[in-house]
Protein chains: 2
Amino acid sequence: MKLGWDDIKTVHALVRGGSLAAAATELGVNYTTVARRIQRAEDTLGLKLFERLADGYAPTDTARLVAEHAAKMEAEEHSLMRQLAGRDGRLSGKLTVTAPQLLIAHLLAPMLETFVKQHPEVDLRVPATNDILDLSRREADLAVRISREPGDTLKGLRLARQHTASFATQGWADRIAADPSAPIDWILYDAYPRLPDIVTARYPSSRVRYRFDDMVAILGAAQSGLGLARLPMFLGRVTPGLVQVPVLPPQPYADIWVVGHADVWPSAKVRAFRDCLVPHLRARRDLFVGEGDLSTSPQVG
Amino acid sequence: MKLGWDDIKTVHALVRGGSLAAAATELGVNYTTVARRIQRAEDTLGLKLFERLADGYAPTDTARLVAEHAAKMEAEEHSLMRQLAGRDGRLSGKLTVTAPQLLIAHLLAPMLETFVKQHPEVDLRVPATNDILDLSRREADLAVRISREPGDTLKGLRLARQHTASFATQGWADRIAADPSAPIDWILYDAYPRLPDIVTARYPSSRVRYRFDDMVAILGAAQSGLGLARLPMFLGRVTPGLVQVPVLPPQPYADIWVVGHADVWPSAKVRAFRDCLVPHLRARRDLFVGEGDLSTSPQVG
DNA sequence: TTTCATACATGCGTTTTTGCACGTGTGAGA
DNA sequence: TCTCACACGTGCAAAAACGCATGTATGAAA
């Protein structure tokens, strides 16, 4: 007659996932277990929760009602887990820090090594993804993000201000220096699909030749000499084979932040990681910005 | 690394109950199961949740934090269960109706028989207790209560207005009729520990001889001829051996209500029960009130 | 039509969880 | 001091839950 809380959670997962397999993955169990828990829940309630269709389990209104309440219970669970994490004074156990792939590869990796040497008991995990992980759900304890603001509900520290500029192979740089009116090929990122006005005004021979949705692909294309790319300063500077070209002068860009949920922020491990990360990036702050006037006078990199 | 919801619930039950046995009773499991779940929770969290003392488990701050969040999850669970009950259109399964013992014994029993005959599939449970069961937690689906108001968060229907009056054996009635100034012994209920002013004014020979905390005891004492008792009209009238005596004229008293949580109110079973209960009591409404002027002229019962 | 992928059902052996019986320690009351 | 009630720990066997392997149905793609 009594429905267990884990069964409520299972109904919720199945309503969200739409299939036994999806729900099972979310819960970390075999999908047959999900099927059996649903069956048990229906039996104890005496109500049908899902229609078994050929292409999956379709939730009834009843199941949706259950899932709605389960979502609130889950929010409460996440709040609890965050607060437990925040009170945790140990420098051991799991710590999850997420950052964009390219930031890790070029900037964070050495610092991560320093951290794990200082705190060998910490089980550090670094999901290197461009996805925005949900810090409320503790998909990560800390996130290094490139954005204008830390976000409404999150605590954050600005690690560095950033500029972008144009980068290409030395060949492109030489050619443009020799003849500024020669055709210039651009490689564009889908997230910024237009050439800046300053470029079209000063270099009307610019033309867009490639568009990519992936920054790694852009880097590769630029290294191969396919054209100019607008890159964050640090990325252009640390990428072998690229030099800054003075077509697009340094432009303000989104800053680098480290952000975390306020509940988790006080945790010993999170504090220790920040104490390692913040000086590391601030010491290199010059790497992220261009030199000289940002709006008018082009600079040679 | 992940704490199951049922384990969170177990921590909550143990914080509330204070001992393994109490928590186990609440959860409907063996107490060893509680001990093992707590142990498992501590292992997966890597935190101590309870101090094992000679006289029970003492919660740590951590456990209290868990319990606090669990309480909110539980509230959400109760809300869900109420809404599921409210949507239940079946006239089968469990239905719990609570009422004060004396109301059931003297008034409701015949009506209950009618109801179960009309709805044989309903598994009717009637906790006959003077305790106020928590309708939010679904300790009962409906409650018949004697009170001034139905309560803030509850739905309710007034079944009958009530009066009280003085009752005693025929011997007392005769004696008082023969000599109104003779000594009158009273049996008082702890909840109303004073004689009404109207009694002391008109019958100054009144004296309090007995005080009881239980209404059944008062009935017995009055039946045994120990003195006069102030009783709800219906109770005095249906109790063998008692007659109304005109010392205390009929006085307004708390009404009889049937109340339920708004979520549960629309349920088919609850509606069916109300449809049986309300006419039954309203048809007998004269039983609950005295005749004539309520404040000045005493009546002979 | 055949093949493949998705999504679920079912049977079986294993693992986990649970209940029960029994034992320990402690404090209140005779 | 003795006994009893209470609260908890432990070992073992039963029960429940689980994962895996296998089989079926359906729809899309070759």
Side-chain angles (χ1 to χ4, degrees), chain A residues 1-64 66-67 70 73-74 77, chain B residues 1-64 66-67 70 73-74 77:
Chain A
M1 192 46 80
K2 287 214 93 182
L3 189 58
W5 283 13
D6 284 337
D7 289 342
I8 296 176
K9 191 180 190 176
T10 303
V11 172
H12 182 217
L14 183 50
V15 170
R16 271 212 303 221
S19 78
L20 295 181
T25 306
E26 180 182 323
L27 296 171
V29 298
N30 190 284
Y31 77 93
T32 55
T33 300
V34 177
R36 280 185 287 235
R37 289 203 191 144
I38 298 299
Q39 189 57 56
R40 185 176 56 192
E42 290 185 337
D43 292 346
T44 62
L45 288 175
L47 297 167
K48 178 169 260 186
L49 292 171
F50 294 88
E51 301 288 343
R52 275 73 166 170
L53 303 180
D55 61 338
Y57 274 50
T60 63
D61 285 353
T62 308
R64 265 188 274 266
V66 175
M73 293 173 73
E74 196 189 40
E77 182 209 358
Chain B
M1 192 46 79
K2 286 211 94 183
L3 190 57
W5 284 13
D6 284 337
D7 289 342
I8 296 176
K9 191 180 190 175
T10 304
V11 172
H12 183 216
L14 184 51
V15 170
R16 270 211 304 219
S19 78
L20 294 180
T25 306
E26 180 183 323
L27 296 171
V29 298
N30 189 284
Y31 76 93
T32 55
T33 301
V34 176
R36 280 185 287 234
R37 289 204 191 141
I38 297 299
Q39 188 59 55
R40 185 176 57 193
E42 290 186 335
D43 291 347
T44 63
L45 287 176
L47 296 167
K48 178 168 262 186
L49 292 170
F50 294 89
E51 301 288 342
R52 276 73 166 171
L53 303 180
D55 61 339
Y57 275 49
T60 62
D61 285 352
T62 308
R64 265 188 273 267
V66 174
M73 294 172 73
E74 195 189 40
E77 182 209 359

Atom [atom1] of [X] and atom [atom2] of [N]: how far apart are they, to the nearest Å?
| X | N | atom1 | atom2 | answer |
| --- | --- | --- | --- | --- |
| A:D6 | D:dC18 | CG | P | 9 Å |
| B:D7 | C:dT18 | CG | C1' | 13 Å |
| B:E51 | D:dC8 | CD | P | 14 Å |
| B:L20 | D:dA5 | CG | P | 20 Å |
| B:L53 | C:dG27 | CG | P | 11 Å |
| A:D43 | D:dA17 | CG | C1' | 15 Å |
| A:L27 | D:dA17 | CG | P | 16 Å |
| B:Q39 | C:dT18 | CD | P | 14 Å |

[N] OP1/OP2 closer than 4.0 Å to side-chain N/O of [X]:
| X | N | answer |
| --- | --- | --- |
| B:T33 | C:dG19 | yes |
| B:R37 | C:dT18 | yes |
| B:N30 | C:dC20 | yes |
| B:Y57 | D:dC6 | no |

At what distance, to the nearest 0.5 angstrom, does [atom1] of [X] lie from [atom2] of [Y]?
| X | Y | atom1 | atom2 | value |
| --- | --- | --- | --- | --- |
| A:E42 | A:L3 | CD | CG | 11.0 Å |
| A:L49 | A:R37 | CG | CZ | 14.5 Å |
| A:I38 | A:L20 | CD1 | CG | 8.0 Å |

Residue A:Y31, side-chain heavy atoms: nucleotide from C:dC20, D:dC20, D:dT22 that is nearest: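 Minimum distance to the A:Y31 side chain belongs to D:dT22.
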
Nearest-neighbour nucleotide for the B:R40 side chain, C:dT17, D:dT26, C:dA9 considered: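 My answer, after comparing the listed nucleotides, is C:dT17.
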
Side chain to side chain, B:K2 and B:T44, heavy atoms closer than 4.5 Å: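 They are not in contact (no side-chain heavy atoms under 4.5 Å apart), so the answer is no.
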
Minimum-distance pair of heavy atoms, taken over all atoms of B:A67 and B:H12: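 In this case the closest contact between B:A67 and B:H12 is O-CD2, 3.5 Å.
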
Touch class at under 4.0 angstrom, heavy-atom based, for B:S19 against every strand present: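 Sugar-phosphate contact only.
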
Sugar-phosphate only, base, or nothing, as touched by B:R36 at under 4.0 Å among non-hydrogen atoms: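 Here B:R36 touches the bases of the nucleic acid.
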
